[in-house]
Amino acid sequence: MGPLPLHMLLQFMLISHAVCRVRVEAIVITSLSHHLQRMTHINHSRLFGRRFGAGRSRRTTNTGFVHNASKPHLRRQRLHKSSLCLTKHNDDNVDSTTREHQQHRPIRRIGIIGGGLAGLSVAYHLLDISEKNTENSDPLHIVIYDKAKVGEGGASSVAGGLQHPFSPRGKLIHFGLEALQCSNRLVQVAMKHQPSCLIRPHLYRIALSDANVKQLQDTATKYPELATWLPKKVLDNLLGAETMGGVKLGNGCQVIHVPTYLKGLWEECERKATEINGSITWEQTSHKELENNNDIINEKLSNHEAVILAAGAGLLQDGLICNNHHEDGLPVQLVRGQSIEMTLQFSDKDIIASNEAMLCGKYTSPLPALNEATDETAKQSKRFVIGATHEFMSEALETSQVVDELKKRSYPFASNLWDHGEIDRITTGVRMQSNRGKFGRMPIIGKFITAKNPDVDRRVASDRLWIFTGLSSRGLIYHGLFGRMLAEAVSHDNEVTLQQQFQEFDWWRQQKNHSKIDKERIELKT
């Protein structure tokens, strides 16, 4: 048989194409039909809140399969890749994925313990989410419980204020660029109310050794949009210091006066709450009061649909959570930091001292002028902060020890400040520092459910308790990003969004059993 004519070959190809298309369409229609039937079955079951089939031993999951609870060997189990709580749920018949979908409900009454960087960041983002969510008309009500007034308590109120995304060796920290953007966004909204919270739009990282030079030159090469290498001669003339060169960090790397920033962020939270017809209240309450008085605990916390523990070191120091259970202990350490505030007179023209922020292990940073400084001498003076010590023992270093340590570590690049400045006061803050993990020191964030901690369980139902702590020295760079993540999770009452944005967000649950924190370190005295 010879080859087919061209017109017959074309007809054959067209017929074959049509047949294949019909078969494909039939398959798609059949598949859609089965899918719709399954979804209708699921939605009908959820709508009327009952299980189909004989008796209560049968149930329908979100996959559409009917499970037989009376025959364990026939049950199908679906486990989430990472555990979403620290305790085993009593209802073993409901898998974690189903539970997350069932708990997807809007949360409108929220209590936040701690109004520092972590607490105010979460509060702002909760309000921001509510403002953008036009589908939910229920107002959002937030109460922040703190021992002090806004910007006046905790480690946040004495933070150095150097905002940048680099590790001590000049490497970009995990989520560094995204975290920098989020924090800058919060600084911008705070500046609407407190523009003086921005002290400098840049800072300088100093090299004092050959290793520092190499590290910082690598930083400038890898991240030229943030870091510019400056050779020794240029930097020494600019800063009036003895260096081996360094980098100027900008484009979002900046110096913030944290107490003023917190006040501005709080004012923006108040504005947003009014805008959405909700409310946000700052209640100055002793954490010890919450710890020891069950009636106050029940009155203040039990009415909230969610409670967020964001008080940093105060969570342990004031007994809001216990960390001496081996099984439930958080992988953290408490670290005390003491800093020195100094004043330098510029009336002597021979004194050359930079009014810039410099960092090399320890740091110096300019401070805003005191409000009461009105005389001519005060106008010619500048205020600085030098910090900070890292103390792990229960007894704080004496004043002379603080001065000796900070002078030894910062004198090479702040000699004029030490030689001619006057010490005004020493500030102290205690931070909760998380253990190192796969991505360095990351915040502790997520639902806080413990197996053997009745002190927590009696305060608020454990399924409504969240935690955001462990920011330590990275509070300024991380509070915006992780505050946003947690706000989204709390708003939806599940951790799905947390895992979508940071798959290993629950790293601290994996480390908790390996935490070795002695009682002496936990009970740091301020």
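- Taking the six-membered ring for Trp and the full ring otherwise, the centers of Phe439 and Phe175 sit at least 6.0 Å from each other.
- Side-chain contact of Gln163 with Asn184: a donor-acceptor pair under 3.5 Å is present, judged by distance alone.
- Taking OG1 of Thr389 as the reference point, atom NZ of Lys362 lies at 6.5 Å (rounded to 0.5 Å).
- Within 6.0 Å of the CD atom in Glu275, the count of heavy atoms belonging to other residues, nucleotides or ligands does not exceed 12.
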Would Glu305 and Ile110 satisfy side chain to side chain contact (heavy atoms under 4.5 Å, CB included), going step by step from the backbone distance to the final call? CA-CA 6 Å; Glu305 295 174 313; Ile110 301 171; 5.9 Å; no

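- Side-chain contact, Glu283 with Thr281: no donor N or O sits under 3.5 Å from an acceptor N or O.
- Dense packing is recorded around CZ of Arg271, with more than 12 heavy atoms of other residues, nucleotides or ligands lying under 6.0 Å away.
- A donor-acceptor pair shorter than 3.5 Å can be found between the side chains of Ser130 and Arg108.
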Going through the distances and angles, do Glu488 and His125 end up as a side chain to side chain donor-acceptor pair (under 3.5 Å)? CA-CA 8 Å; Glu488 292 173 354; His125 285 105; over 6 Å; no

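- Atom CD of Glu225 has more than 12 neighbouring heavy atoms from other residues, nucleotides or ligands inside a 6.0 Å radius.
- For the atom pair CG (Leu262) and NE2 (His479), the distance works out to 7.5 Å, reported to the nearest 0.5 Å.
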Assess whether side chain to side chain contact (heavy atoms under 4.5 Å, CB included) is satisfied between Leu203 and His164, documenting all intermediate values. CA-CA 9 Å; Leu203 62 139; His164 63 88; 4.2 Å; yes

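- Atom CE of Met442 sits about 14.0 Å away from atom CH2 of Trp508, to the nearest 0.5 Å.
- The structure places CH2 of Trp466 at 13.5 Å from CZ of Phe448, a figure rounded to the nearest 0.5 Å.
- Between atom CG of residue Leu330 and atom CZ of residue Arg509 there is a gap of 10.5 Å, rounded to the nearest 0.5 Å.
- For Lys447 and Asp493, the salt-bridge test passes: some basic side-chain N is under 4.0 Å from an acidic carboxylate O.
- If you take OG1 on Thr260 and CG on Leu265, they are separated by 12.5 Å, rounding to the nearest 0.5 Å.
- Phe166 and Tyr223 have tilted rings, their planes meeting at an angle from 30° to 60° on a 0 to 90° scale.
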Show, in sequence, the C-alpha distance, side-chain angles and deciding distance for Glu178 and Arg484, and conclude whether the salt bridge (Lys or Arg N to Asp or Glu O under 4.0 Å) test is met. CA-CA 12 Å; Glu178 186 178 359; Arg484 186 193 70 191; 3.0 Å; yes

Checking side chain to side chain contact (heavy atoms under 4.5 Å, CB included) for the pair Ser183/Tyr261: CA distance, chi angles, key distance, verdict? CA-CA 11 Å; Ser183 294; Tyr261 161 68; over 6 Å; no

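- Tested against His304 for a side chain to side chain contact (heavy atoms under 4.5 Å, CB included), the candidates Ile142, Ile112, Val143 yield a single pass: Val143.
- A donor-acceptor contact closer than 3.5 angstrom links the side chains of Glu268 and His193.
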